[in-house]
Number of protein chains: 2
Amino acid sequence: MDTKKKDSIKLTPQRIAIIECLEGNTSHPSAAEIYSVVSEKYPTMSFATVYNTLQTLREKGRVIELSIDSGKMRFDPNTKPHHHLICVQCKNITDVHRKFALNLPEGERCDYEIIGNHVDFYGICPGCKKKK
Amino acid sequence: MDTKKKDSIKLTPQRIAIIECLEGNTSHPSAAEIYSVVSEKYPTMSFATVYNTLQTLREKGRVIELSIDSGKMRFDPNTKPHHHLICVQCKNITDVHRKFALNLPEGERCDYEIIGNHVDFYGICPGCKKKK
DNA sequence: TTTTTACTTTATAATTATTATAATATAAGA
DNA sequence: TCTTATATTATAATAATTATAAAGTAAAAA
Ligand SMILES: [Mn+2]
Ligand SMILES: [Mn+2]
Ligand SMILES: [Zn+2]
Ligand SMILES: [Zn+2]
């Protein structure tokens, strides 16, 4: 809710545009998609700024990186634990807010210290179903 | 168990080396790691051959691509459905053979046709725990 | 308010993973 | 053995991301 001092970042117009693009965005955009949106408002926007800002936001815990799409990173401003429903065809990602009680029994933990888990559901989205 | 005619591929020494490198391999190697292993036996081995062969094996359903590690693909010769335990520090991937009964209720499916699911457990592996 | 300073943006180059191309080589069937 | 479709290789091309360094600017200090 409220941001601690350590979480504050210098608010430049570019950063504000990137943050606004992400705010409430459930499309899990790639860096290129974010660049494409913000560069409309700021034509001088550089790709490096998008990457720099995303890295800063990640360090501050305001965005999460998803390694779901092969080749490119996708970003999620929803940092609360949740799961995903992924279209295997168009790679659309939809949030799943339901909680799952998944506990690995001692024997399956291989001495790992377990931090958390994440479920990916795979399927075909309504849009792709329509296209036969 | 037995390979159908359609699944047969021309067996070259390079392909055999790559297949043998993958056979029973539970380390979920990257293309570079596979190249590094097979190029010891075949010094003329090309990176393109590793990628070509991996693509062929994937098309034949003999290997699975994992988009877990940011930046690079990792490959899993175990194509039976299973889950993973991932070290957030060194990106070691350990198989989890336990089954989870995960069914999304109608309301959460967003009209997707659901094909399957996969669970990633995150944690710190014993090796990384030791290094403080 | 002006000055200072540390941080940010930008253009550009570099890096890394992967895919494409085309000439040469070869496994496997006739 | 001969033939041919397919595989391998060197090499170039592409795509995503990271690094560098000069120039700009938000915010703190004076
Ligand atoms: Mn999400
Ligand atoms: Mn596995
Ligand atoms: Zn789709
Ligand atoms: Zn580890």
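For the pair B:Tyr51 OH and D:dT14 C1', the computed distance is 13 Å after rounding to whole Å. Separating the NZ atom of B:Lys72 from the C1' atom of D:dT18 is a distance of 15 Å, rounded to the nearest angstrom. A:Arg74 places its CZ atom 16 Å from the C1' atom of D:dA15, with the value rounded to the nearest Å. Nucleotide C:dT9 holds its P atom 11 Å from the OH atom of A:Tyr42, rounded to whole Å. Between B:Leu54 atom CG and C:dT19 atom C1' there is a gap of 13 Å when expressed in whole angstrom units. Atom CG in A:Asp69 sits about 14 Å away from atom C1' in C:dT18, given to the nearest Å. Rounded to whole Å, the distance from CE on A:Met73 to P on C:dT18 is 13 Å. Atom-to-atom, CG of B:Leu57 to P of D:dT6 comes out at 17 Å; the value is rounded to the nearest Å.
A residue-by-residue look at B:Phe47 and A:Gln14 shows that A:Gln14 has its nearest nucleotide of DNA chain C further toward the 5' end. Between A:Ala32 and B:Thr56, it is B:Thr56 whose nearest contact on DNA chain D lies nearer the 5' terminus.
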* **Letter per nucleotide, 5' to 3', of nucleotides 20-30 of chain C [B base touched, S only sugar-phosphate touched, - untouched; heavy atoms, 4.0 Å]** => B------BS--

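For the pair A:Gln14 and A:Thr53, the minimum side-chain heavy-atom distance is 4.5 Å or more. At a threshold of 4.5 Å between non-hydrogen side-chain atoms, the residues A:Arg15 and A:Thr56 count as touching.
Residue contacts for A:Ser30: at a heavy-atom cut-off of 4.0 Å it reaches no nucleic acid atom on any strand shown. When heavy atoms are screened at a 4.0 angstrom cut-off, A:Ser70 is found touching no nucleic acid atom at all.
Counting only N and O atoms by type, the side chains of A:His83 and B:Asn117 include no donor and acceptor under 3.5 Å apart. Side chain to side chain, B:His84 and B:Asp95 meet the donor-acceptor criterion of an N or O pair below 3.5 Å.
Here A:Arg15 does not reach the OP1 or OP2 of C:dC7: none of its side-chain N or O atoms lies under 4.0 Å away.
No donor-acceptor pair closer than 3.5 Å links the side chain of A:Gln55 to the backbone N or O of A:Asn52.
Between A:Glu113 and B:Lys129 no salt bridge is recorded (no basic side-chain N to carboxylate O distance below 4.0 Å).
Rounded to the nearest 0.5 Å, atoms CZ (A:Phe75) and NE2 (A:His28) are 12.5 Å apart.
Of all nucleotides listed (C:dT18, D:dT17, C:dT10), D:dT17 comes nearest to the side chain of A:Ala31.
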